[in-house]
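In what follows, a structure is listed as structure tokens, so that the remarks can point back to it.
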Amino acid sequence: MSVIKVLGISGSLRRSSFNTAALRAARDLAPEGVEITIFDGLREIPPYDDDERLGTGYPPPVAAFRAAVKAADALLFAMPEYNYSVPGVLKNAIDWASRPPEQPFDGKPFAVMGAATGLLGTARGQHELRRIVTGLNGYVLNKPEVYISQAATRFDAAGRLTDEASRALVSQLVTSLRDWTLRLRG
Ligand SMILES: Cc1cc2nc3c(=O)[nH]c(=O)nc-3n(C[C@H](O)[C@H](O)[C@H](O)COP(=O)(O)O)c2cc1C
């Protein structure tokens, strides 16, 4: 069986981001046959400008993001919730990637998880992300839903996900994303 390539996309630029740390945990917990690469170019993506897109085309960091999404077999988002919604840097990158030609989310399996310092673990923001990418004809993995609440208690100082229940959920998410990707291939 060929390897399933998953692109991990964190919605946080923060050095000690719990969400980027959750992606590292997902990478470590991935079952055999699943390879998770974490995209690290979100910071370079400029604010969306349709004049620039139509004038000089996609800026190189945007082209790199579009290519990475396109090349992946599946996507795994880990996002904070900012003001009950999707962080602007992530929404901005999705806006750039959503334009023609060959909009790369079309037909792409994807899963979402999130970590927040509060009690709701990004539940509100995650559902907005699901709606946005589903609108681009991405195929969302419905379950499990992974909401890592009170994140400061679930990671250690080195950014390792230490909470066993969260580790089990992340592991289940990656395995389910693999199964979902294979199922969609038919
Ligand atoms: C601008 C901003 C808005 C935030 N809004 C929310 C929110 O709506 N809900 C929530 O649970 N946490 C909110 N937080 C707190 C985040 O959960 C917390 O900063 C978290 O650590 C961000 O994820 P990260 O560690 O991956 O950067 C907000 C933080 C920032 C900076």
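Model, not experiment: these values are computed from the prediction. Hydrogens, waters and symmetry mates are skipped; everything else that's a heavy atom, side chains included, is used. Order of appearance sets the numbers: ligands from 1, and atoms from 1 within every ligand.
- Checked by distance only, ligand 1 and Glu81 come closer than 3.5 Å through their nitrogen or oxygen atoms.
- The ligand atoms of ligand 1 that sit less than 4.0 angstrom from a heavy atom of Asn19 are 23 (O), 24 (P), 26 (O).
- No N or O atom of Ala116 sits closer than 3.5 Å to an N or O atom of ligand 1.
- Contact annotation: Arg124 has at least one heavy atom less than 4.0 Å from an atom of ligand 1.
- Around atom CZ of Arg183, no more than 12 heavy atoms belonging to other residues, nucleotides or ligands sit under 6.0 Å away.
- From the protein, the heavy atom lying nearest to atom 25 (O) of ligand 1 is Arg14 NH2, 2.7 Å.
- The shortest contact between atom 26 (O) of ligand 1 and any protein heavy atom is with Ser17 OG, 2.6 Å.
- Of the N and O atoms on the side chains of Thr122 and Gln126, at least one donor lies less than 3.5 Å from an acceptor on the other residue.
- When only interatomic distances are considered, the shortest N/O to N/O separation between Thr20 and ligand 1 does not fall below 3.5 Å.
- Remark: of the listed residues Ser17, Pro80, Pro87, Ser17 is the sole one forming a side-chain contact (heavy atoms from CB on, under 4.5 Å) with Ser10.
- Comparing heavy-atom distances from atom 3 (C) of ligand 1 across Thr122, Asn83, Leu13 singles out Asn83 as nearest.
- Few gaps surround CG on Asp106; more than 12 heavy atoms of other groups in view lie less than 6.0 Å from it.
- If you check which protein heavy atom lies closest to atom 2 (C) of ligand 1, you get Tyr82 CD1, 3.6 Å.
- For atom 27 (O) of ligand 1, the closest non-hydrogen atom on the protein side is Ser12 OG, 2.7 Å.
- Each of Leu161, Asp163, Thr162 was checked for a side-chain contact (heavy atoms from CB on, under 4.5 Å) with Asp156, and the lone residue meeting it is Thr162.
- In the model, Arg53 has a side-chain atom that pairs as donor or acceptor with a side-chain atom of Tyr48 under 3.5 Å.
- Here is the list of ligand 1 atoms found below 4.0 Å of a heavy atom in Tyr84: 7 (C), 8 (O).
- For the residue pair Ser85/Glu128, the side-chain donor-acceptor check at 3.5 Å is satisfied.
- With hydrogens left out, the protein atom closest to atom 21 (O) of ligand 1 is Phe18 CD1, 3.5 Å, a heavy atom.
- Counting non-hydrogen atoms of neighbouring residues, nucleotides and ligands closer than 6.0 angstrom, the CG atom of Leu119 reaches no more than 12 such neighbours.
- Residues Val6 and Val34 are in side-chain contact: their nearest non-hydrogen atoms beyond the backbone lie under 4.5 Å apart.
- Checked against a 6.0 Å centroid threshold, the rings of Tyr139 and Phe110 do not count as neighbours.
- In terms of protein heavy-atom proximity, atom 22 (C) of ligand 1 is closest to Pro80 CB, 3.6 Å.
- In terms of polar-atom proximity, defined here as any N/O pair under 3.5 Å, Thr117 does make such a contact with ligand 1.
- Of the protein's heavy atoms, none falls inside 4.0 Å of atom 19 (O) of ligand 1.
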